[in-house]
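All remarks here apply to the structure that follows.
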Protein chains: 2
Amino acid sequence: MRRGRPAPTSKDVARVAGVSQSTVSYVMSGKRPISEKTRRIVLEAIDQLTYEPHAGARALAGHRTNVVGLVVPFHNPEAASGLMAFAEEIAVNARDHDYDVLMLTAAEGPAGLARVQRRAMCDAVIVMEVATDDPRAAMARELEMPVIFIGVPDDHDGLHCIDFDFETGALLLVDALADAGCREIAALGWSEERVGLGMNYVPRFRASAEARAAERGVRLRWISAPHTRAGVEGFLDSVLAPAGRSHPGLLTVHSPHDLGAALQQRGLVPGRDLDVVSLCTDVEAEAQPVAPTAVSPQPRDVSRLAMGWLFDLLDNEIPAELRLVEAHLTTRGSVRPLG
Amino acid sequence: MRRGRPAPTSKDVARVAGVSQSTVSYVMSGKRPISEKTRRIVLEAIDQLTYEPHAGARALAGHRTNVVGLVVPFHNPEAASGLMAFAEEIAVNARDHDYDVLMLTAAEGPAGLARVQRRAMCDAVIVMEVATDDPRAAMARELEMPVIFIGVPDDHDGLHCIDFDFETGALLLVDALADAGCREIAALGWSEERVGLGMNYVPRFRASAEARAAERGVRLRWISAPHTRAGVEGFLDSVLAPAGRSHPGLLTVHSPHDLGAALQQRGLVPGRDLDVVSLCTDVEAEAQPVAPTAVSPQPRDVSRLAMGWLFDLLDNEIPAELRLVEAHLTTRGSVRPLG
DNA sequence: CATCTGCGTCGATGCGTATCGACGATGATC
DNA sequence: GATCATCGTCGATACGCATCGACGCAGATG
C-alpha cells in the first residue's frame, strides 16, 4: 500500500490521444460513430495509461452502476455448498457482462432492497431463497429496478420469479421407483427447520409426489425425521420394520450423508436390496457410498438462466413471469431394474 | 417494478428544511458544528423524504465508496460452509459501519485488485484463501488502498495478513493426545487437492505438530489419503493394523464424515477404544457420531478481527503486520482421561 | 463602546463521466 | 459548381455530493 499518482481520467486519455473528452467517451460506449483512425488512437491511449472509468462518476452521469445486488441467505450450513455454487455462477456471469456483484444479506429484509435503490448502488437485484410469504415481494413490486426472485412466493403476481421445477422433479423420482415395481415409497423430506422457513418448493414438491404416487397406485409415506444419524436410523426403522414386505422404495431430499452409512451398517445395498432415489445435487450424490439415482436442483442452471433474464430485463421491458428450470433424472444404479 | 418519482437529493432535503445543501451535508457527516435546532429540522426533512445519499455522487465527491471488496475463493465444496460463515460475518460487520460488500471472485486474480482500484469501486479489499506463493501479494503492495490477506504468503513483508494460529492449534491437539498417554499419533491431513493449492497453513500446522510430537517423545505419522470412504478405510487399516499396540491416537483435519461411520462399523468408539482429536469447526465436530475434542479454526473470529483491523486501517496509517487468531481446544470426550 | 473570537450557515466549486446540440468537412446529387 | 445530407468531432452542461472560503452574528474582552 503506497501513495502513487492519481488514477488517470478520461480527460487524460483525451489529452494523450489529442481528442476531446467526449470523443473518448463515445469510443468507449460506441453510441456515436467514430472513425477507425480516431478509435485506434484513443484505444492506444487508454491502453497506455491503463485507464478505467471511475465507477462513481459513471453511475452519476450515466444512471447505470454496472452492479447487480445479490441477496444471500445465511445461517444455512446444510445448503452452503449449493449456495456457493449459485453465487459463483452469478459472479462469473456478471463479469462476462462487465458487471459486478454487491453482496447483500437477507438480514436487511425488504429495507435492504429500498436502500440499494435509493442509494443507486445497483441496477438490478437477485433475491435467493424466497419464502412463500416473503415480505420482500411487496417491496419488489414498488422498486423501479428489475428484481428476480429465486423461489416463488404464493402471490407472485407482477414478480419475476425463477426456480427449479420441483414438481416435475417429484414426478420423475416417483416414477423411477414405481417403474421399478415399488408399491410403497417412504420419503424423507426437508428438515423441520427448513420447512419452518416457508420455502415454497417444499409443499410443491410434496404435493406433486403425492399426486403421482396416487396415479401410479403407490403408497407414499412422508416420514418426519431430522437429518442426523439418529434421525436417519429412526427413519429406516420405521420404513424397514415390516421387513421383506412389498418392495419398498426410499425417496430422500438432500441425501443425508448418514443414510448411506446407516444402510451400509445394516448390510443393505441400494440397487440390490432396496431402491433409493434422491433429490440432491450431483456433488451430494457422488459423495454417497452408493451414488443414488437422483434429480438435481441444478443451482448453476438456475443462476445462469436468472442472469440471462436479468440482462434482458435491463435493456427491455419484459412482463413479469414465472420461469421453471427443467428437471432431469440422472440414473446411477441405486434402483433395481425391473424383472 | 414501476416508474416513480426520481429519488430525492440533498438539495430537496435542503429545500424542505429551509437550509442550504451544504448544511445538509454537514449534518450528515458531522464535520462541522451544527446547532441542535437546525440539525433536528434537517433530520426531520431527511426522514420525511426518506432521503439517502447517492452512492456514486458521494464516491465522486468524497473519494470514499463505503464499500469493501471481498475476494472469495470458489470451487471448494469441502469448505463451503466455513466460507459462508466467513462471508456472513464480513457482511454483517460491514453493515454495522454502513459499509457494503462487493463480491469478487478469485478467478480475476491480481488484475481484479487493480481493476477495483482504478475504477474506485471500494475503499479496501479482503482476500480470502491466500496461497504461499500468491501472485496477489505483489499486486497488493502496489495498491493504494488497504488490503487484508486471510492467510500468509511466504513473503509477507509489507502485507497485512491475518490467520488462525494453526501452529498453536497443532500444539494443543498433539498435547491432548500425548497427555492421554498416546505414544503414537496417526494424522490424516488435508486432501492432496487442497495441499496442491499451496495454502500456507498446511506446512505450518504440520511442522508445528511434528515439533511438539518430538518434544513429547511421541511418534507422529502423516498418512496421505483422500477424504472419501475408501480413503478413510485405508487410513484406519494402516493405523490400526498393529492392533492393541501402544495406545494410538488419531488426529484428523476437517473431521471427514466417513471417519465416524467407519469407526462405528468397526465397533470402535472414540474416547473408549481409541483417542481422536480433530482440527475442524464446531459445526463439523457436532455432526459426528461421537463429537471429537477439537480445535476450531474460528472462521467468524478471523473475519470479525479482520474487519476491525480494516476499519482501523481506513482511518489510520498502520504498519504492515501479521496477526494470528488465538487457538482454543474444545474438549468433547473423544479422548480417554489418563489413568 | 469598539474590537475580537468562535460558532453556525451559505455560496461556489470540483469530482469524472455521459450526452446533447452544434459545426466543419466530405462526398453525393442535380 | 451550388445544395444537401451524413459523418465525425467538439464544447458545454448536468449528475449529486463534499468541501473550502466567506460571512454574519452572538457573546466576551479591553
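Note on naming: letters A, B, ... go to the chains in the order of the sequence lines (proteins, then strands), and numbering restarts at 1 for each one.
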Original post:
Just how far, in rounded Å, is C1' of D:dC15 from CZ of A:Arg119?
Top reply: 18 Å
Original post:
B:Leu49 has an atom CG; how far is it from atom P of D:dG16, in whole Å?
Top reply: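 The answer, rounded to whole Å, is 14 Å.
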Original post:
So what does A:Val19 touch, heavy atoms closer than 4.0 Å: a base, only the sugar-phosphate, or nothing?
Top reply: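 Counting heavy atoms under 4.0 Å across all strands, the contact made by A:Val19 is with sugar-phosphate only.
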Subject >> Protein proximity profile, nucleotides 13-18 of chain C - base contact B, sugar-phosphate-only contact S, no contact -, cut-off 4.0 Å on heavy atoms >> reply: -BBBBB
Under 3.5 Å, which protein N or O atoms sit close to an N or O of nucleotides 4-6 of chain D? Give each pair with its distance.
none

**OP:** For the pair B:Tyr99 and B:Phe311, name the ring-plane relationship: parallel under 30°, tilted 30 to 60°, perpendicular over 60°.
**Re:** perpendicular
Backbone N/O of [Y] and side chain of [X]: donor-acceptor pair under 3.5 Å:
{"X": "B:Asn200", "Y": "B:Val152", "answer": "yes"}
{"X": "B:Asp47", "Y": "B:Leu43", "answer": "no"}
{"X": "B:Asn66", "Y": "B:Asp98", "answer": "yes"}
{"X": "B:Asp312", "Y": "B:Gly308", "answer": "no"}

Original post:
Does B:Tyr26 make a side-chain donor-acceptor contact with the base of D:dC20, cut-off 3.5 Å?
Top reply: yes
Original post:
Can you name the side-chain contact (heavy atoms from CB on, under 4.5 Å) partners of A:Asp134, sequence neighbours left out?
Top reply: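 A:Asp134: side-chain contact (heavy atoms from CB on, under 4.5 Å) contacts with A:Val130, A:Ala131, A:Arg136.
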Subject >> Listed partners of B:Arg32 passing side-chain contact (heavy atoms from CB on, under 4.5 Å), at least two apart >> reply: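 Residues passing side-chain contact (heavy atoms from CB on, under 4.5 Å) with B:Arg32: B:Tyr26.
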Original post:
Does A:Arg141 reach the side chain of A:Leu159, with side-chain heavy atoms less than 4.5 Å apart?
Top reply: yes
Original post:
If you measure only the distance, is there a donor-acceptor pair under 3.5 Å linking the side chains of A:Asp154 and A:Thr132?
Top reply: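 No.
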Subject >> Test side-chain hydrogen bond (donor to acceptor under 3.5 Å, both in side chains) applied to B:Ser35 - qualifying residues, sequence neighbours left out >> reply: B:Thr38
What nitrogen or oxygen pairs link the protein and nucleotides 4-8 of chain C at under 3.5 Å?
none

